[in-house]
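Scroll down for the structure; my scribbles are underneath it.
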Amino acid sequence: MTQQVPTATAQSAPIDPPLVDLPINTHDRGFYDGFSRSVTIPSKIIVSLIIMWAIFFPISATETLTAANSTIIATFSGWYVYLVAAVMLTALVLAVIPQSGTLRIGNPGEKPEFGRFSWFSMLFGAGIGIGMLTYSTGEPLAHFQNNPDIIRGAIEPLSQEAVRPAYIYTFLHWGLAAWATYGLVGLAIGYVAYRRNLPLTIRSALAPLFGKAMSGGAGHVVDVVAVVATILGVAVTMGLGVEQFVAGLDRLGLGNWLVDAEGSSTPAAIIISLVLLVGASTLSALSGVGKGIKWLSNLNMGLSFALLALFAVAGAEFYALELLGVGLYDYLRTLPYTALTLFEGGSETGDALVQWQLDWSVFYWAWWIAFAPFVGMFIARISRGRTVREYVLGVLLVPSLMCFVWMALVGGTAIELELSGVANGSIVETGISDQLYATLAVLLDPALAWVVSALVVVLLMTYLITSTDSAILIVNTINGAGETDGQRRRHILFWGAALAFMVGSMLIIGGIDAIRVTMIIGALPFSIVVALMAASILKAVIYDLIRKRHGVPTTAEGCEALAAGK
């Protein structure tokens, strides 16, 4: 007769069930109905102080940002480089290990809410729209003119030999590093929100490490840091978008008042653009996620693929395909080295390499970290029901590949036009905000170039509106402890106005560089949260695997069933 071994219970097992309750106090009446005042009020004060500092003390702000650029940022550049490398490794390890990869972001057997095509489409639009339009041409061209190999004197700028390293660094910045950062934040949030029924907010991701301490002051600090980082990250995106929007209006011939003699956007152009774009974004946020937002999102996707198809047909098709293939090979071959390299100064070449890394890699790592609360929350919302392996591979590989295709087709066309002499320097010699329009002007007949440039302006406008609108809603979701029911119009109006003043004041006092430096410094506190998230998701997964081995529930549903059985 075979003896039946009893299943372990929560009492007899060497490990407790997970935390499945994380109460967060929110106000139940008045102006802050449905919001956590401990998060919302400090967030508003910090953002308002940054804005007032830039508006009322512009000279002090400029001097401080200049000093910060050469001291604080350089001090923490190694932290950003090694953190992002660790995040990539953490995400890939969770996907590759068989036991962790099969865990589901939700209850066992739960099916995904969205089909794969819809899910991939939403991932594509989550974090790359505006950046793609600015940097798909701008970044390959920038590294074509200056990259570490050129700085060392190994190759000549603007030469055929400069193309391969240009794409190594372009793919480094827009590939796995970006999407691992977004994906890890989204996984850390979604895993505990959908398996353990915790609030869909930033602090919940740290509950596996700190338990119910996240309900109180420590959790409030985490959410405040996330809100400020999100505002600064979105401000950089908006700043880039506004500059390219103004450059497009200038290309369309809408007046000499848009751009000054140095090619920079005038204060009047910046203010009018922000009033138009942020006003439309705020109206969009006030209407919620109704038909208007869905229509704009569909328009974004359609125009994006139409623009990509134009470059596939009229651009450097075969050269671009070669760049894509060789670039992917070079990127994967050099990734361990490029992801872990930290340049050191002390010589003219060393100082130039350090400055290049601060201007590019460190800026990007801080941008992705600052953008991660926004994009991570969005990805978590749409990924319920997927396994950890499917989630990680989908979030890391599909959007990265789409970025690579964009960079190869659009940037490759611009490089080929310069190498062949057709462009005669007209693309590389213009500002980064104007380089996409300059490429179209060389590639197409004037009338067709005008039409396509107008479509790019429309696409920029819709990306700016939907991105800003979504960021405002995500900020209010964090302030509302993961809920959206308490959102009030006045809070949406505040964050819309705050973004407009933040971007406008920084662009006028110091251009996009002022926003970049502010964002890199502002992302520093949230980078600590990201590091803790990596440790937290690893602990959550490892403990759940131990619980499974001992028959202890790993989900809120299982814990409820165990309690009912008692």
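Worth saying up front: this structure is predicted, and the values here are computed from it rather than measured.
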Partner residues of I508 under the side-chain contact (heavy atoms from CB on, under 4.5 Å) criterion, sequence neighbours left out | P267, I270, I271
Would W174 and Y364 count as a ring-ring contact (aromatic ring centres under 6.0 Å, His included) if you check the C-alpha gap in whole Å, the side-chain angles of each, and the deciding distance to 0.1 Å?
-> CA-CA 9 Å; W174 287 86; Y364 273 121; 5.7 Å; yes
Are T134 and Q244 linked by a side-chain donor-acceptor pair shorter than 3.5 Å?
-> yes
Gap between atom CD1 of I382 and atom CE of M377 - 0.5 Å precision | 13.0 Å
List the atom of T181, the atom of W368, and the distance in Å for their closest heavy-atom pair.
-> CG2-O, 3.9 Å
So, do L397 and L176 sit near enough that their side-chain heavy atoms are less than 4.5 Å apart?
-> yes
List the steps, then state whether side-chain contact (heavy atoms from CB on, under 4.5 Å) holds for I105 with Y391.
-> CA-CA 9 Å; I105 306 172; Y391 171 92; 3.7 Å; yes
Would you name the heavy atoms of A316 and T413 that are closest together and state the gap between them?
-> N-OG1, 3.1 Å
So does R116 have more than 12 non-hydrogen atoms from other groups sitting under 6.0 Å from CZ?
-> no
Value rounded to 0.5 Å, distance of CD in Q357 from OH in Y80 = 13.5 Å
Should L444 and W450 be marked as a side-chain contact (heavy atoms from CB on, under 4.5 Å) after you check the CA-CA gap, both sets of side-chain angles, and the distance that decides it?
-> CA-CA 9 Å; L444 305 172; W450 190 95; over 6 Å; no
Kindly assign one of parallel, tilted or perpendicular to the pair Y182 and F371, based on the angle between their ring planes and the thresholds 30° and 60°.
-> tilted
Would you please say whether a donor-acceptor pair under 3.5 Å links the side chains of W119 and S383?
-> yes
Looking at V242, V278, L507, which one forms a side-chain contact (heavy atoms from CB on, under 4.5 Å) with S273?
-> V242
For the student: nearest non-hydrogen atoms of A523 and A366, plus distance | CB-O, 3.5 Å
Which of L459, I465, L460 passes side-chain contact (heavy atoms from CB on, under 4.5 Å) with T462? Answer is L459
Can you measure from CG (L419) to CG (L158) and round to the nearest 0.5 angstrom?
-> 8.5 Å
Interatomic distance, L401 atom CG to L324 atom CG [nearest 0.5 angstrom] = 6.5 Å
When the ring planes of W356 and H173 are compared, do they come out parallel, tilted or perpendicular, using 30° and 60° as the limits?
-> tilted
Tightest non-hydrogen contact, residues A269 and L258, listed as CB-O, 3.5 Å
Distance in Å, M506 CE paired with L232 CG, rounded so as to fall on 0.5 Å steps | 8.0 Å
Can you check whether A414's main-chain N or O pairs, donor with acceptor, with E418's side chain at less than 3.5 Å?
-> no
So, Q355 versus D359: side-chain donor-acceptor pair below 3.5 Å or not?
-> yes
Atom pair CG/OG of D260 and S265 - distance to nearest 0.5 Å | 8.0 Å
Could you check L499 against I472 for side-chain contact (heavy atoms from CB on, under 4.5 Å), going step by step and ending with a plain yes or no?
-> CA-CA 9 Å; L499 277 169; I472 293 170; 4.2 Å; yes
Assess the side chains of Y463 and S304: does a donor N or O sit below 3.5 Å from an acceptor N or O?
-> yes
Is a side-chain donor-acceptor pair under 3.5 Å present for S527 with W365?
-> no
R389: side-chain hydrogen bond (donor to acceptor under 3.5 Å, both in side chains) partners, not counting sequence neighbours = none
Using the test side-chain contact (heavy atoms from CB on, under 4.5 Å), find all partners of T230 that sit at least two apart in sequence or belong to another chain.
-> V234, P373, F374, V475
Given the options F171, W179, Y329, F404 meets ring-ring contact (aromatic ring centres under 6.0 Å, His included) only with F171
Any cation-pi pair here, R251 with Y437, using under 6.0 Å and within 45°?
-> no
Check against side-chain contact (heavy atoms from CB on, under 4.5 Å), L464 and M238 | CA-CA 7 Å; L464 279 163; M238 285 185 64; 4.3 Å; yes
